[in-house]
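Fair warning: this is a prediction, and the values are worked out from it, not measured in the lab. Chain naming here is simple, since letters A, B, ... match the order of the sequence lines and numbering starts at 1 in each.
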Protein chains: 2
Amino acid sequence: MPKDTFFNLPEEKRERIMEAAIDEFATHPFHQARVTAIAEEAGIAKGSFYQYFEDKKDLFKYLMEQIVEKKMSYINCNLVEGKGKYGFFQLLREVYLSGIRFAKDNPRLAPIGIMLLSDKELYREIFGEHTDKSVDFFRQLLEYGKEQGAVHPKIDSVLAAKMLAGMSYALVDYIYADGRLDYDDMVIIDQMLYIIENGIKQKE
Amino acid sequence: MPKDTFFNLPEEKRERIMEAAIDEFATHPFHQARVTAIAEEAGIAKGSFYQYFEDKKDLFKYLMEQIVEKKMSYINCNLVEGKGKYGFFQLLREVYLSGIRFAKDNPRLAPIGIMLLSDKELYREIFGEHTDKSVDFFRQLLEYGKEQGAVHPKIDSVLAAKMLAGMSYALVDYIYADGRLDYDDMVIIDQMLYIIENGIKQKE
DNA sequence: TTACAATATGACTAGAGATTCATATGAATG
DNA sequence: CATTCATATGAATCTCTAGTCATATTGTAA
């Protein structure tokens with residue numbers, strides 16, 4: 001948790017620092033990211049950095065919290081109240097759609113989370129034992145889908161959840177690692193959902 | 001490319017060094033991996049390391065070559081001659097199956113490749129511009145599937161390829177990040193293929 | 001045995017980056 | 001003002017590791 005000093009800062013300065021942090025962590029994995037670069041970019045002295053944060057990890061944890069919170073805010077409105085009202089596949093569509101929207105609105109944030117996924121050790125330090133929260137989320141969703149009778153009961157929830165999570169990372173990649181930020185969300189989502197619902201087999 | 005000195009080494013010693021490298025790179029991303037640790041583990045002096053390799057990257061590149069070659073050897077026998085003989089989904093099954101077998105036989109190798117994927121810069125240095133070879137592989141396979149009439153023609157090959165690649169990483173995860181090394185390959189593959197072919201929707 | 005080449009070694013160097021610290025600035029208080 | 005408290009600063013320190021190098025050892029061929 002950042003020190004009080006940080007929260008006492010004028011908002012403009014705080015934002016400058018967080019922006020600098022985002023720039024650095026979006027382009028470098030945690031261990032490659034440099035405190036010096038963040039300080040320079042934010043226009044503060046290196047020493048000041050340590051007035052605000054315990055250390056590099058402290059800032060990173062705080063940033064991740066912000067990212068998760070922001071990402072959640074994209075899901076909530078459409079989903080939370082919707083459960084029960086919508087069917088499983090509609091929910092799933094909403095989840096991916098909010099993922100796309102989040103990624104498009106915050107192109108620098110998504111890569112930070114994805115990079116973190118590949119540093120299991122750091123991930124654990126930040127989110128605790130559960131190796132991947134999103135897998136768990138999809139697993140629950142799938143089980144709900146089974147109850148509803150929407151998902152084939154023989155599907156292995158854990159495996160399918162891993163697949164769905166893997167696909168959502170693929171989605172992020174598709175959108176901007178490949179520069180398709182301008183594609184219509186609906187077109188992409190429809191494609192994905194079609195594949196997930198019906199598979200890729202040509203039916204006779 | 002390692003120096004001649006390395007290839008002149010007795011096989012036993014060469015293997016000791018590669019084993020040590022695998023241990024280090026399997027547990028640490030490239031930049032975190034320590035030459036010192038590799039030398040210690042292999043029981044050679046640090047200076048010797050530089051008799052054998054230009055630098056850390058030299059060893060890593062060489063190791064990746066070995067891994068790719070080994071992985072290829074799992075695919076080839078079943079697949080290369082099979083194209084034409086088998087249908088698209090059979091080919092896909094073979095691909096995933098060989099992926100599983102490779103991962104099971106070489107539990108420490110797969111993570112090395114997966115970690116590399118998240119270091120785009122290093123990846124490019126090693127494999128050149130193409131950001132992800134496996135995506136490209138799946139794209140070609142899908143296009144072949146379309147020609148065959150097995151894959152629905154409206155499927156976006158690039159998106160689907162990313163999804164398939166994402167799923168194959170998920171598969172590796174499923175198998176040993178979760179400790180299911182003992183699961184029957186066929187059961188897992190059947191699940192996955194079923195999902196990919198038919199989706200997860202419960203048909204009425 | 002001697003001389004030469006190839007290989008082995010670990011102390012040493014260089015550089016990078018995180019973190020600390022003594023000092024400076026400045027605002028608020030009395 | 002003088003004093004205190006919060007914040008700012010960047011030079012100095014500390015740690016870590018890649019990579020070098022002068023020296024020692026081993027193997028070999030004459």
Distances under 3.5 Å only, N/O to N/O: pair up the protein atoms with those of nucleotides 22-26 of chain D.
none

Enumerate all atom pairs, one protein N or O and one N or O from nucleotides 18-20 of chain C, separated by less than 3.5 Å.
residue, atom, partner, partner atom, Å
C:dA18, OP1, A:Ala33, O, 3.1
C:dA18, OP1, A:Val35, N, 3.2
C:dA18, OP1, A:Lys56, NZ, 3.4
C:dA18, OP2, A:Val35, N, 3.1
C:dT19, OP2, A:Tyr50, OH, 2.8
C:dT19, OP2, A:Lys56, N, 3.3
C:dT19, O4, A:Lys46, NZ, 3.0

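You'll find the side chain of A:Lys201 stays beyond 4.5 Å of the side chain of B:Val151, heavy atoms only. Under the 4.5 Å side-chain criterion, counting only non-hydrogen atoms from C-beta, A:Asp132 is not in contact with A:Phe127.
A side-chain N or O of A:Asp105 and one of A:Tyr74 form a donor-acceptor pair less than 3.5 Å apart. Defined by atom type and a distance below 3.5 Å, a donor-acceptor pair is missing between the side-chain atoms of A:Tyr123 and A:Ser118. A donor atom on one side chain and an acceptor atom on the other are found under 3.5 Å apart for A:Tyr174 and B:Asp156. Counted by atom type alone, B:Gln148 and B:Tyr144 present one or more donor-acceptor pairs between their side chains at under 3.5 Å.
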Quick one: side chains of residues 158-168 of chain A, donor-acceptor pairs under 3.5 Å with protein atoms, not counting sequence neighbours, listed by atom name and distance.
residue, atom, partner, partner atom, Å
A:Lys162, NZ, B:Asp173, OD2, 3.1
A:Lys162, NZ, B:Asp178, OD2, 3.4
A:Ser168, OG, A:Ala165, O, 3.1

Going by atom type alone, with no hydrogens or angles, which donor-acceptor pairs under 3.5 Å involve a side-chain atom of residues 28-51 of chain A and a protein atom two or more places apart or on another chain?
residue, atom, partner, partner atom, Å
A:His28, ND1, A:Glu24, O, 3.2
A:His31, NE2, A:Asp119, OD2, 3.4

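Residue B:Tyr52 is in sugar-phosphate contact alone, with no base atom involved, counting any heavy-atom pair closer than 4.0 Å across all strands shown.
Ring planes of B:Phe53 and B:Phe6: tilted class, angle from 30 to 60°.
Distance CZ (A:Phe30) to P (C:dG17): 14 Å, rounded to an integer number of Å. At whole-Å resolution of the value, CG in B:Asp4 and C1' in C:dA6 are 11 Å apart. A straight line from CZ of A:Phe6 to P of D:dA6 spans 19 Å, rounded to a whole angstrom.
Atom CD of B:Glu65 has more than 12 neighbouring heavy atoms from other residues, nucleotides or ligands inside a 6.0 Å radius.
In the region residues 8-20 of chain B, proximity to DNA chain D at under 4.0 angstrom, judged on heavy atoms, holds for none of the residues.
A search for ring-ring contact (aromatic ring centres under 6.0 Å, His included) contacts involving B:Phe138 returns B:Tyr96, not counting sequence neighbours.
Counting only heavy atoms from C-beta on, A:Thr5 has its side chain closest to D:dA8 among C:dA8, D:dG10, D:dA8.
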